[in-house]
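Step one of this worksheet: look at the structure below.
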Amino acid sequence: MRLIYAAALAVGLSGLAVTPALAQDDEEAEAHLHYSVETTTIATLLDDPASAEILERLIPTVYANDMFQTMGRPNTLRVAAQYESAVLTEAKMAEIQAAFDELAGVRTAGD
């Protein structure tokens, strides 16, 4: 009996959940348009060809490092800077952030 009630409830509520879920997906997609050296994971940056190209261009030795490509994925660039301080200087982080900001502007204008 509980299974039938649960199935009926799920079917009845499924139409109500579609619109908010779609709106939430749009908000999440829009949030990903602007990356941050402080908060965006390296995995997200590496999985986006445009941001990966920025990293490869601006920090090629770090980008080519297997540890960065694998174990570094859950971290942010700010965290990686602790291990790559000679390359990921404050000036380099600002340069990367400026490139991400420019990328967000290009993507927003292209929508």
Checking side-chain polar atoms at under 3.5 Å, does N75 have a donor or acceptor matched by the opposite partner on Y83?
no
Between the CD atom in Q69 and the CG atom in L46, the distance rounded to the nearest 0.5 Å is 5.0 Å
Over all heavy atoms of both residues, which pair between R78 and E38 is shortest? Give the atoms and the distance, please.
NH2-OE2, 2.6 Å
Using 0.5 Å steps for rounding, measure from the CG atom of L77 to the CG atom of L55.
6.0 Å
Are the charged groups of K92 and E84 less than 4.0 angstrom apart, N to O?
no
Tell me whether S85 contacts the main-chain N or O of A81 through its side chain, where contact means a donor paired with an acceptor under 3.5 Å.
no
Residues F100 and S51: closest non-hydrogen pair is CE2-CB, 4.0 Å
Using 30° and 60° as the class boundaries, would you call the ring planes of F68 and Y63 parallel, tilted or perpendicular?
tilted
Nearest 0.5 angstrom please: I42 CD1 to D47 CG, how far?
11.5 Å
Calculate, to the nearest 0.5 Å, the distance between atoms CG and CD belonging to L45 and E53 respectively.
12.5 Å
Residue pair D101 / Q97, side-chain donor-acceptor N/O under 3.5 Å
yes
Minimum-distance pair of heavy atoms, taken over all atoms of V37 and T76
O-CB, 3.8 Å
